[in-house]
Amino acid sequence: MQGSLPPEAQEKIEELQDLQETTEQLAAQKTQAETSLNEAQTALEALDDIDEDTTMYREIGELLVHTDYESAKDDLEEKVDSLEVRVDQLEKREQKTQEQFEELQEELQQLLQGGDGGPMGPGGPGAGA
């Protein structure tokens, strides 16, 4: 192997690094959304065990504000629905990014192994099978 990688290989390595970073960010966002979803589901389940006439408060920033049972339940259900959609979207994006990563990794391996022995002249990448 020569002293440095071909420019095309360098470019693919940089793309791989970008995809890896994106995948890590998506995984962190998904974990955070799943945690929030679990908390909201737990609160919603706990609400089922509470009498509707019980005095309840909602935390808004640093304040506790009086709320009624129906408002609390509606808000929690809406939050759960929203977080379920968010988690699903993040899973799909994470999966798509992982697929792109694997495809790019395969392309890079083929490039570094010399491909299928195609011509090395000016003609561009991917001369076919």
(message) Could you list the cluster mates of Val65? Members are the ILVMFWY residues connected by side-chain heavy atoms closer than 4.5 Å, either directly or through other members.
(response) Ile60, Leu63
(message) Taking transitive links into account, so neighbours of neighbours count too, which hydrophobic residues share a cluster with Leu90 at under 4.5 Å side-chain distance?
(response) Leu26
(message) Taking side chain to side chain contact (heavy atoms under 4.5 Å, CB included) as the definition, give me every residue that meets it alongside Leu104, ordered by chain and number, with sequence neighbours left out.
(response) Lys12, Glu15, Leu16, Leu19, Glu107
(message) Going by side chain to side chain donor-acceptor pair (under 3.5 Å), name the pairs with one or both residues in residues 87-97, residues two or more places apart or in two chains.
(response) Lys30-Glu94, Asp88-Lys92
(request) Check whether any side-chain heavy atom of Arg58 lies under 4.5 Å from a side-chain heavy atom of Asp75, and answer yes or no. (result) yes
(message) Quick check on Gln32: does its CD atom have over 12 non-hydrogen neighbours (other residues, nucleotides or ligands) under 6.0 Å away?
(response) no
(request) Would you mind listing every salt bridge (charged side-chain N to carboxylate O under 4.0 Å, His left out) that reaches into residues 44-54, with sequence neighbours excluded? (result) none
(request) Hey, could you give me the NZ/OG distance between Lys79 and Ser36, rounded to the nearest 0.5 Å? (result) 6.0 Å
(request) Starting from the C-alpha separation in whole Å, work towards a yes-or-no answer on side chain to side chain contact (heavy atoms under 4.5 Å, CB included) for Asn38 and Gln41. (result) CA-CA 5 Å; Asn38 289 335; Gln41 288 172 328; 3.6 Å; yes
(request) Output all residues satisfying ring pair (Phe, Tyr, Trp, His ring centres under 6.0 Å) with Tyr57, sequence neighbours left out; order by chain, then residue number. (result) His66
(request) List in chain and number order the residues that pass side chain to side chain contact (heavy atoms under 4.5 Å, CB included) with Glu78, two or more places apart in sequence or in another chain; answer none if no residue qualifies. (result) none
(message) I'd like to know if the side chain of Ser71 reaches the main chain of Thr67, judged simply by a donor and an acceptor atom lying under 3.5 Å from each other, with no hydrogens or angles considered.
(response) no
(request) Drop me the distance from Ile13's CD1 to Glu8's CD, to the nearest 0.5 angstrom. (result) 11.5 Å
(request) Can you tell me which residue pairs pass the ring pair (Phe, Tyr, Trp, His ring centres under 6.0 Å) test with a partner in residues 33-52, sequence neighbours excluded? (result) none
(request) Scan for ring pair (Phe, Tyr, Trp, His ring centres under 6.0 Å) pairs involving residues 24-48, sequence neighbours excluded, and state none if there are none. (result) none
(request) For the residue pair Leu112 and Gln109, establish whether any side-chain heavy-atom pair is separated by less than 4.5 Å. (result) no
(message) Distance alone, cut at 3.5 Å: any donor-acceptor contact between the side chains of Glu24 and Gln20?
(response) yes
(request) Just jot down the side chain to side chain contact (heavy atoms under 4.5 Å, CB included) partners of Glu59, sequence neighbours excluded, or say none. (result) Leu64
(request) Hydrophobic side-chain clustering at under 4.5 Å (ILVMFWY, transitive links): who's grouped with Leu44? Put none if nobody. (result) Leu37, Leu47, Ile50, Met56, Tyr69, Leu76, Val80, Leu83, Val87
(request) Apply side chain to side chain contact (heavy atoms under 4.5 Å, CB included) to Asp74 and list each qualifying residue two or more places apart in sequence or on a separate chain. (result) Glu70, Glu77
